[in-house]
Amino acid sequence: MQLSGSVQHRLPHGLLSQPLPWLVVSAAALLMIGIVMIASASMDTAAANLGNSYYYAVRQLIFAGLGCALALAAANVPVSWWYRSGWLLLAIGMASLVLVLTPMGKTVNGSTRWIPLGLFNVQVSEVAKLCLIAYLAGYVVRRRNELVNSWWGFIKPVLVLGVASALLVIQPDFGATVVLMTAALGMIFLSGVRLTRFVPLIAVCVVLGAVLIITQPYRLKRVVSYLDPWQDQYNTGYQLTQSLIAFGRGEWSGVGLGNSIQKLFYLPEAHTDFIFAITAEEFGLIGSAIILALFAVLVLSGFVIARKAERQGMGFAACFAYGLTLLLGLQAMINMAVNTGLLPTKGLTLPLMSYGGSSLLVVCISIGILVRIEMERQQQLAATSSEQAPANRARGAS
């Protein structure tokens with residue numbers, strides 16, 4: 001994927017030449033804003049239900065510390081390790097999706113998505129997404145000719161995605177299924193596969209998605225309420241109408257930090273799925289625009305890192321970076337679209353901002369991997385330049 005000249009002209013020059021600082025600063029800013037907003041959105045709920053106003057804020061702060069440590073660790077793991085460990089990561093991803101469907105899995109609100117590990121629960125879809133993207137990036141590099149030139153080479157990774165998606169739907173976790181499929185297929189498309197290969201697959205996915213919606217009453221209710229949430233604002237449209245009220249109350253500059261009314265037991269999951277709505281209520285359109293800008297910088301930085309790695313011949317690193325960036329960008333886009341009523345309600349967190357240990361830790365690892373990819377690219381570029389310098393001096397002397 002190559003940025004056009006007009007797009008390059010509009011982007012900050014520093015982001016195009018040095019994407020690493022932009023990536024780290026935008027991620028750190030979103031993480032810090034998220035901790036503050038979780039504290040604001042969850043205090044009353046935590047006090048009423050758990051007797052500790054700062055329960056969620058303290059836990060998120062601990063997860064943030066662990067996430068930073070894991071990001072630092074991931075930044076010190078060679079990219080080649082992820083490439084060599086493709087089959088191991090695939091096994092881990094699939095095993096986690098299967099284990100959650102056994103008695104080991106924990107059911108919350110009708111969905112079995114977590115495996116309890118004592119102090120916290122692991123949401124297996126987050127782990128599986130990272131593992132599957134790493135495996136598929138390796139497949140794209142190893143089997144590029146087969147992937148691009150034959151239908152069977154294209155169908156094999158689609159079958160892997162199909163099995164993983166089926167396991168996610170059983171949980172059920174339709175939102176994670178959409179994010180994984182879209183990010184993985186986007187990564188395969190960017191590797192050079194012709195668009196015509198995707199047409200029948202997209203048609204099949206649309207049909208299967210429609211069947212899943214129609215056959216599950218709660219999904220059908222979500223779609224109907226999404227089309228007109230005010231028609232049943234006290235039942236199926238309750239979450240969306242309360243979210244829209246939060247946006248309306250925020251106006252231009254918001255009601256101020258801590259002054260949200262919607263978080264006072266009106267808007268369910270205020271500190272998780274609907275943290276963006278509370279941010280909009282307390283900081284208004286200006287605050288929402290800042291969040292959007294930070295995510296735009298984060299995603300663009302990831303794509304620039306991927307593109308630079310691709311130009312330098314780092315095939316796996318580039319493909320992996322594309323996949324990770326698509327995961328982050330798509331999840332953020334879907335969450336904010338749900339909050340604003342552009343998409344039906346889905347149980348997806350806002351990366352780096354929503355409460356949740358599994359999501360935050362995996363996102364931090366992803367950021368660390370992107371940092372490592374850019375570091376290795378710079379090291380490779382510096383090594384190439386140092387090797388070429390003596391030859392250039394010799395030519396100049398002659």
Side-chain angles (χ1 to χ4, degrees), residues 27 30-31 34-35 37-38 41-42 46 55-74 89-102 104-135 164-165 167-180 183-184 269-276 298 323-324 326-332 334-335 338 346-370:
L30 286 167
L31 180 60
I35 292 171
M37 290 311 304
I38 287 168
S42 66
Y55 176 83
Y56 294 111
V58 170
R59 285 176 66 88
Q60 188 72 359
L61 194 59
I62 293 171
F63 286 134
L66 289 173
C68 291
L70 289 174
L72 183 62
L89 294 169
L90 175 63
I92 292 172
M94 289 298 189
S96 64
L97 292 176
V98 172
L99 282 175
V100 78
L101 301 176
T102 67
M104 292 180 62
K106 181 178 180 179
T107 302
V108 178
N109 296 330
S111 298
T112 308
R113 304 176 184 175
W114 298 268
I115 294 179
L117 292 179
L119 296 177
F120 67 97
N121 302 319
V122 174
Q123 188 170 354
V124 296
S125 61
E126 300 293 339
V127 177
K129 285 187 291 188
L130 175 62
C131 292
L132 286 167
I133 288 295
Y135 165 77
S165 298
L167 292 171
L168 285 168
V169 169
I170 293 172
Q171 293 182 13
D173 195 344
F174 192 61
T177 306
V178 172
V179 170
L180 174 62
E269 310 296 338
H271 59 295
T272 55
D273 299 347
F274 287 90
I275 192 73
F276 185 57
L298 181 71
L324 293 176
L326 284 168
L327 278 181
L328 292 173
L330 284 167
Q331 186 154 332
I334 291 173
N335 177 277
V338 165
K346 284 277 128 228
L348 284 175
T349 57
L350 186 59
L352 294 168
M353 285 193 62
S354 292
Y355 174 78
S358 300
S359 174
L360 181 57
L361 296 182
V362 171
V363 169
C364 287
I365 291 172
S366 300
I367 299 295
I369 294 169
L370 290 172

Write down the atom of [X], the atom of [Y], and the distance for their closest heavy-atom approach.
X: Leu361; Y: Phe63; value: CD2-O, 3.5 Å
X: Ala57; Y: Ser42; value: N-OG, 4.4 Å
X: Val363; Y: Pro351; value: CG2-CB, 4.1 Å
X: Ala128; Y: Ser96; value: CB-OG, 4.2 Å

Is the closest side-chain heavy-atom distance between [X] and [Y] below 4.5 Å?
X: Leu326; Y: Ile133; value: no
X: Val127; Y: Leu97; value: no
X: Leu130; Y: Ile369; value: yes
X: Ile334; Y: Val338; value: yes
X: Leu99; Y: Val124; value: no

> Taking the six-membered ring for Trp, are Tyr355 and Tyr56 parallel (under 30°), tilted (30 to 60°) or perpendicular (over 60°)?
Replying inline: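 Ring orientation of Tyr355 relative to Tyr56: perpendicular.
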
When you measure from the side chain of [X] to the backbone of [Y], do you find a donor-acceptor pair of N or O atoms at a distance under 3.5 Å?
X: Thr177; Y: Asp173; result: yes
X: Ser358; Y: Gln123; result: yes
X: Asn335; Y: Asp273; result: yes
X: Gln60; Y: Met353; result: no

>> Apply side-chain contact (heavy atoms from CB on, under 4.5 Å) to residues Leu327 and Val362 and explain how you reach the verdict.
In response: CA-CA 11 Å; Leu327 278 181; Val362 171; over 6 Å; no

> Stepwise, does the side-chain contact (heavy atoms from CB on, under 4.5 Å) test hold for Ile367 with Leu298?
Replying inline: CA-CA 9 Å; Ile367 299 295; Leu298 181 71; 3.8 Å; yes

For the atom pair [atom1] ([X]) and [atom2] ([Y]), what is the distance rounded to the nearest 0.5 Å?
X: Leu30; Y: Leu350; atom1: CG; atom2: CG; value: 7.5 Å
X: Met104; Y: Leu117; atom1: CE; atom2: CG; value: 7.5 Å
X: Leu31; Y: Cys364; atom1: CG; atom2: SG; value: 6.0 Å
X: Leu348; Y: Ser125; atom1: CG; atom2: OG; value: 8.0 Å

> How far apart are the C-alpha atoms of Leu352 and Leu360, what are their side-chain angles, what is the distance that settles it, and do they pass the side-chain contact (heavy atoms from CB on, under 4.5 Å) test?
Replying inline: CA-CA 6 Å; Leu352 294 168; Leu360 181 57; 4.0 Å; yes

>> Going by side chain to side chain contact (heavy atoms under 4.5 Å, CB included), Arg113 matches just one of Gln171, Lys106, Glu126. Which one?
In response: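 One option only clears the test, and that one is Gln171.
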
